[in-house]
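All values derive from a computational prediction rather than experimental measurement. Every chain is numbered from 1, with letters handed out A, B, ... down the list of sequences.
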Amino acid sequence: MEFDSVLMSRMLTAMTLGFHIIFATIGVGVPVMISIAEFLGIKKKDPHYTLLARRWTRGFVITVAVGVVTGTAIGLQLSLLWPNFMQVAGNVISLPLFLETFAFFFEAIFLGAYLYTWDRFKNPVIHWLLSLPIVIGSSFSAVFITSVNAFMNTPQGFTMEDGKITTIDPIAAMLNPATPTKVFHVLSSSYLTSAAILAAITAFIILKKKSSTYHKKALKLTVSATFIFALLTAIAGDLSAKFLADYQPEKLAVAEWHFQTENGADLILFGNLNENHEVENEIRIPNFLSFLAHGDFNSKVTGLDHFPKDEIAPFWVHYMFDLMVILGMFALTVSLFYLVFYKVKKWNEHNKWLLILLIINGPLAMIALEFGWIYAEVGRQPWILRGYMKVDHAATTSPHVDSMFFLFLALYIILGTLCVIVLRKLFRDSPVEIELEERYPNIKKGDE
Amino acid sequence: MSYEIIGITVLWIFLYGYLIVASIDFGAGFFAFYAKMTKKDHIINQLISRYLSPVWEVTNVFFVFFFVGLVGFFPDAAYYYGSALLVPGSIAIVLLAIRGSFYAFENYGSKKSNLYMFLYGATGLLIPASLSIALTLSEGGFIVEKNGEVSLLLNALLTSPYSWSVVFLAIVSVLYISSTFLTFYAARADDKPALKLVKNYALFWSVPTIIASLTTFIALSQHNPRHYNEMMELWSMFGLSVGFFMIAMWLIFQGKYYGLAFISVMLQFFFAFFGYGWAHLPYLLDPYITIYENATHESMGIALIIAFIAGLCLLVPSLLLLMKMFLFDADYVKGEKS
């Protein structure tokens, strides 16, 4: 029975997080894009950008609503499903949880104000200024909540004697070694994914209908942002790998299938493990893991031989890790292609194949993000609090977790479906051409 | 004052804040649905949506604040309540999720549907009912710990007169608070037909509210004599509460100073809620959790209080700005400004 409720608690948490992270990511990234678009609209005196910000915002609030309610769900589920963990975590890491609520509160207040005041101010800059607290609030929500997750990987800031916590340093717990790289990685990848999704939607419209100036400007903005954020994400990923090599070597080793501690370790891409736990059919890049881990091709990389067998995560996270990296590189490459095509006058950046690549890049970026989180969470197993508490000691003993799993499954299916339906209807009922005409009758027509 | 007392006071203020703003929201959902059913929606629904649209998200945060703060200040609460409340807690989450997202779908999406309206109205009553259960549980007798396992005595809960009187009180107070606020808002908007309607709602729901308060008192004296006696010691708090109730009713009945009337309603609940809460101490969950034995360490308690003060310095001006834009901007309230 105990095993069942642990497994079901893990599945329910994974499902809630997997669903919430989609909306949380959009919630962190899209405000940045909205703010940039509104700023460009004011600076270039170009209503196309202003309208872009307006329309993005309209879709954004729908996703925010789902993000808020699923965020409330995971907040409560942490206590309902992991009461033993929250008893410890509540003691040591509640400061950033509390701060996260403040950041979110701040964002919520200004989102309400931003939404309903588009035409209220004579000076449009005032309305744009209202977007900044939204960006700050949502990004800092991510910072604080990520520091809690970082704490689960590298707990510090407390002393434990006989299973009792005796002293607590809340700031040290929050600024644990995993926090800087994790925060950087989470923020950059959220911005990347949001930009990639907006770019994919825009590319889809250009491919499907005749393209207009409005959509071309939107595509250039979103793809440029994708490129910049993909570059930042790559740097953040590299720093994260170096962090793991130093502080959590077993997590890096399991992702890389690095069994023996050695100098000049090879990087293993994909492949499979045979019955003797040997790697087969892999792509092997000599000495590259050493370079990735320490910036030196001959450095020593700690392998799984340094850790007890029952403290090693499942080997399949290797695929999650590899796919995350490959898809991140894909986003970087595709957006670079677009920019090169844009710069070279002879080439058409709106050619069909490039647009198709940009369209699939949107969902792929979200999938990469999901894979990254799966790796981050499963790669920490069997620990919920590395070195202190294992997941099977943290879960609730309630026998009803399985029925709650199906209750929430039904909820997420309904929310997800309705969200898509409402969003599609919202934009279909108000085509951009008509809205442009109504709001800005004097603007130059598109070039069709 | 010890950090435990400051902590619980902060949390209680947030719960009080949630009680007021969420009641307005929950009750408005019910009234919107009721008006639609009785074909009076053209009179009040625009008024309701003008107020609710900018603030619904803020309402939700009050609640999140309370439970995140509770886990922070009193981590053992996470253990006891978390272990016992999996099923009722999950149901409350689902109701909150349906309400929040459907509100956005209905309002920001272009689809108007009776189903959304119904769910919005129904959850407006079911959520306060289900959340009020947590307060009932805190009185003790329903959550037990045996052999290191915490469980909920569902039968005892469902057959307790006290728990039902709390549910009843929660529902009618929601409607009472909400209708008195809408009366103020309608007067502010100078919307006479709407004012006439919601004013009647307010007068009507005041009666069950005061009856439910009395029955809850009586039921509590049976269920938890210690808490009841402590409350009797604080009789002046409850006397003030009744006093403000009478002021509010008199003002609304006279048809003037609706703003003052709503403030009286807020004070009515303030004194009752803090009288109830103060008498409840030191227990957070009778007899397992007290604020002294189960609080977090002092360093964390102080860090949370500092964070709280810093946060307030940020939030209070922002909230005032929001209220200035949407609540006290007469042109906005009247619908003459977007």
Side-chain angles (χ1 to χ4, degrees), chain A residues 58 61-62 64-66 68-70 72-73 75-77 79-81 83-84 86-88 90-92 94-95 97-99 101-102 104-106 108-113 115-120 133 165 167-171 396-398 400-401 404 407-408 411 415 418-419 422 425-426 429, chain B residues 53-55 57-58 60-61 63-65 67-69 71-83 85-87 89-94 96-105 108-111 149-150 296-297 299-300 303-304 307-308 311 314-315 318-319 321-322 325-326 337-338:
Chain A
R58 228 176 290 150
V61 282
I62 306 269
V64 165
V66 182
V68 170
V69 297
T70 53
T72 312
L76 279 164
Q77 274 180 0
S79 292
L80 296 174
L81 295 173
N84 298 301
M86 282 310 277
Q87 200 176 14
V88 177
N91 265 307
V92 188
S94 53
L95 180 63
L97 277 173
F98 199 55
L99 290 172
T101 323
F102 268 113
F104 179 69
F105 207 154
F106 190 57
I109 291 172
F110 282 93
L111 186 63
L115 272 180
Y116 291 94
T117 54
W118 276 97
D119 300 314
R120 207 191 269 198
I165 296 167
T167 60
I168 295 172
D169 180 349
I171 303 292
T396 180
T397 47
S398 167
H400 303 297
V401 187
M404 293 303 110
L407 177 71
F408 280 99
L411 175 72
L415 288 186
L418 281 176
C419 183
V422 169
K425 195 162 160 35
L426 180 69
D429 287 354
Chain B
S53 301
V55 301
E57 221 189 343
V58 174
N60 199 49
V61 192
F63 177 57
V64 177
F65 239 118
F67 76 72
V68 169
V71 172
F73 277 109
F74 308 102
D76 290 345
Y79 174 69
Y80 281 96
Y81 284 108
S83 299
L85 286 176
L86 177 67
V87 176
S90 297
I91 292 170
I93 299 171
V94 170
L96 280 167
I98 289 175
R99 184 181 180 79
S101 51
F102 280 34
Y103 178 75
F105 293 160
Y108 306 127
S110 39
K111 189 169 159 50
E149 269 197 35
V150 178
T296 184
H297 287 249
S299 55
M300 179 57 87
L304 290 176
F308 174 74
L314 191 70
L315 289 185
S318 319
L319 266 176
L321 183 72
L322 189 73
M325 276 178 175
F326 297 104
K337 196 192 261 183
S338 64

Query raised in the report: For B:Y79, which residues count as a side chain to side chain donor-acceptor pair (under 3.5 Å) partner, sequence neighbours excluded?
Result: none

Report task. Please name the pair of heavy atoms, one in A:L95 and one in B:A307, separated by the smallest distance, quoted to 0.1 Å. Result -> CD1-CB, 3.7 Å

Query raised in the report: Which atom pair, heavy atoms only, marks the closest approach of A:F98 to B:L304?
Result: CE2-O, 3.6 Å

Query raised in the report: Who among A:A73, A:P83, A:G75 has the most heavy-atom pairs with chain B under 4.5 Å?
Result: A:P83

Query raised in the report: Rounded to the nearest 0.5 Å, how far does OG of B:S299 lie from CD1 of A:I171?
Result: 10.0 Å

Query raised in the report: Aromatic rings A:F102 and B:F308: how do their planes relate, parallel, tilted or perpendicular, breaks at 30° and 60°?
Result: tilted

Query raised in the report: At a heavy-atom separation under 4.5 Å, does A:M86 approach chain B through its side chain, its backbone, both, or neither?
Result: both

Query raised in the report: Looking at side-chain heavy atoms only, is the closest gap between A:F104 and B:V64 below 4.5 Å?
Result: no

Report task. Look at A:L97, A:I168, A:V92 and state which one has the largest set of heavy-atom pairs under 4.5 Å with chain B. Result -> A:I168

Query raised in the report: Tell me, side chain or backbone of A:V88 under 4.5 Å from chain B's heavy atoms, or both, or neither?
Result: neither

Report summary line: Closest non-hydrogen atoms of B:D76 and A:Q87, given as atom of the first, atom of the second and distance, are OD1-NE2, 2.7 Å

Query raised in the report: Below 4.5 Å, heavy atoms only, C-beta onward: do B:L96 and A:V69 meet side chain to side chain?
Result: no

Report task. State, yes or no, whether a side-chain contact exists between B:S318 and A:F106 at a heavy-atom distance under 4.5 Å. Result -> yes

**Report entry** Heavy-atom proximity to chain A below 4.5 Å, by part of B:F65
**Finding:** both

Report task. Could you list the residues that satisfy side chain to side chain donor-acceptor pair (under 3.5 Å) with A:N91, not counting sequence neighbours? Result -> B:T296

Query - Note, B:V71 side chain near A:S94 side chain (heavy atom, < 4.5 Å) - result: no

Query raised in the report: Do you know which two heavy atoms are closest between A:G90 and B:P75, and how far apart they sit?
Result: C-CG, 3.8 Å

Query - Nearest non-hydrogen partners of A:H400 and B:L86, listed with the distance - result: C-CD2, 4.1 Å

Requested in this report: State, with a plain yes or no, whether a side-chain heavy atom of A:L411 is found less than 4.5 Å away from one of B:I93.
Outcome: no

Report summary line: Note: B:V68 and A:T101 closest approach over all heavy atoms is CG1-OG1, 3.8 Å

